[in-house]
Amino acid sequence: MEKQKKIKPLKELPSGFEDRQEKELLVRDFVISNIKEVMIKYGFQYLETPSFEYTESIGKYLPDKERPGEGIFSFKDENKWVSLRYDLTAPLARYVAKNFNEISKPFKRYQLGRVWRNEKPGPGRYREFLQFDADCVGTKNLQADAELCILISEILEKCGLEKKDYTIKISSRNFTNEIFNKLKITSKEQISMTIRSLDKVKRLGWTEVKKLLGKGRKDKSGDFTKGAELNESQINYLEKKINETKPETDDVIEVTKIFDFYEFDNYEFDPSLVRGLEYYTGPIFEIDLNFDVKNSKGQIIQFGSVGGGGRYDNLVNNFGNFECPATGISIGLDRLVYALMQKKDFKIETVKPVMICVFDKKNMGEYIKILKKIRSANINSEIYPGEGKLKKQMEYANKIQSPCVIFYGDDEVKNKEVKLRNLKTGDETLIKIEDLTNEINKII
RNA sequence: GCACGGGUAGCUCAGUUGGUUAGAGCAGCGGUUUGUGGAACCGAAGGUCGACAGUUCGAGUCUGUCCCCGUGUACCA
């Protein structure tokens, strides 16, 4: 007899996609409820936009044949390319342009939504993740930028982080622009290489970044990265600038002044902060966590920031002739939750159901009567949902951490009683049916 | 993309210089207990050893190619 080859579907998930279990979801819900509370308090409107947008609306790269727009997930619908959004900022710009005449200006909105990136996943970085965005469009007022940082800080502290656990870093695109003017670095390639190198100061340290600014650097695994080929005096000047602790550009100075009025001081001017190249035009921010994050194997991993943002005065204008400066900030919620769960031992738990044992299906009517009675008293409860024997039922109750089980078998029915077993202590008591909800409430 | 490490049962892993029929723990299943979980004991079951090709009398083990996972690095509008 020949064994037939079984064709099994894969139980693995596509790279970068994750199942999320209750424990994590409850913490996430907690974070989200804090976010909503703070956003309402700060006067922001709630918005939702679809997962898909026309590819041309969310990125300036037009799709090519096979895998259009590296970095995003796309497909051709009829004759148009559509893509899963990779952030919430581009859809907001599109929304604002579309509803330009109707919306208030300034327009303050917040949004929670999944975004997708077709990139190599890393520790705590997925290809599908939940993002939270708060933006203020239609004004150049730097009060908006400052308030975004303050609101993020309030959210983080509501979630249980202390001041020392996180820092909001701030800098400005104008700061780096000035440096390049002074150094007479004009080659686009060199500028972008330099910016990206500077962005790594915190992670790699100045010694390593120096190599990246010069000839290049070998990483831990022995892989070589080509450098920006700056000369020594240029590197030295950069080093001096990078160690500035006081902001020099007007926009950052003004934002920090506003911080003072709010008595907010958990920020740091960080000249090495750069963030995405193209669309930022003014102050930029990043939210860094100041504690170690480990992976499932207990190794400390390079976690990076949990969020960031900045001013993007020209984005909306891409959709037509709209004079619409804007600023915004976003948080990677899954990453934040991942880190939060390690920092704090969250005891967010649902009350598990009381379970009624099934002795004989013939008596299901009786069991349901009891179930209805305790459910109407708002006690989480269920009749054993499986088919096993009593032992099986008890194992199930134990596994789902049911606080107690109800025995209502022939003996109990005869005496018009119910036997209640406390699964934490193992105690069993016979009680009258009318006392049942009271007794259960004592145990829960 | 590049570099390093890994892929053996549902999960975590062991598997000697290539050598009969590939092991363990946990979980699951059955039983000791047909009305009692979290403990114990007993039993049975569970595998295209990531895929394909090659070397060999013989490959989980060696070689090549590819796929997937992890970490670092790069990219990230």
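Being a predicted model, the structure only gives us computed values, none of them experimental. In the text below, chain A, chain B and the rest are named by the order of the sequence lines, each starting its count at 1.
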Trainee: Using only side-chain N and O atoms of A/Arg421, determine if any of them is under 4.0 Å from OP1 or OP2 of B/G35.
Mentor: no
Trainee: Could you write out RNA chain B as dot-bracket? Rules: Watson-Crick or G-U wobble, both distances under 3.5 Å, brackets [ ] for crossings, | for pairs with another strand, dot for unpaired.
Mentor: (((((((..((((.....[...))))..((((.......))))......(((((..]....))))))))))))....
Trainee: Looking at A/Glu395 and A/Lys392, does any basic side-chain N land under 4.0 Å from a carboxylate oxygen?
Mentor: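 Salt bridge: no.
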Trainee: Just N and O in the side chain of A/Lys200: are any of them under 4.0 Å from OP1 or OP2 of B/C75?
Mentor: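 So the side chain of A/Lys200 is within the cut-off, an N or O lying under 4.0 Å from OP1 or OP2 of B/C75.
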Trainee: When you measure from the side-chain N and O atoms of A/Ser15 to the phosphate of B/C69, is any distance below 4.0 Å, counting only OP1 and OP2?
Mentor: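 Answer yes for this pair, as a side-chain N or O of A/Ser15 is under 4.0 Å from OP1 or OP2.
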Trainee: Would you say A/Arg125 reaches B/C76's phosphate, i.e. side-chain N/O to OP1/OP2 under 4.0 Å?
Mentor: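 A/Arg125 to B/C76 OP1/OP2: no side-chain N or O under 4.0 Å.
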Trainee: Hey, which of these two, A/Thr425 or A/Phe224, hits RNA chain B nearer its 5' end, going by closest nucleotide?
Mentor: A/Phe224
Trainee: Taking the basic N atoms (NZ, or NE/NH1/NH2) and the acidic carboxylate oxygens, is any pair closer than 4.0 Å for A/Arg311 and A/Asp313?
Mentor: yes
Trainee: Which value, in whole Å, describes the distance between the C1' atoms of nucleotides B/U8 and B/C69?
Mentor: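 About 15 Å, rounded to a whole number of Å.
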Trainee: Nearest whole angstrom, please: distance from the P of B/A39 to the NZ of A/Lys391.
Mentor: 10 Å
Trainee: Taking donor-acceptor contacts at under 3.5 Å, does the side chain of A/Glu412 reach the base of B/G35?
Mentor: yes
Trainee: Could you list the protein-to-nucleotides 26-30 of chain B atom pairs, N/O on both sides, closer than 3.5 Å?
Mentor:
from, atom 1, to, atom 2, distance (Å)
B/C29, OP1, A/Lys392, NZ, 3.3

Trainee: Can we call the ring centroids of A/Tyr280 and A/Tyr312 under 6.0 Å apart?
Mentor: no
Trainee: Could you tell me how the ring of A/Tyr46 sits relative to the ring of A/Tyr110: parallel (under 30°), tilted (30 to 60°) or perpendicular (over 60°)?
Mentor: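 The arrangement is parallel - the two ring planes meet at less than 30°.
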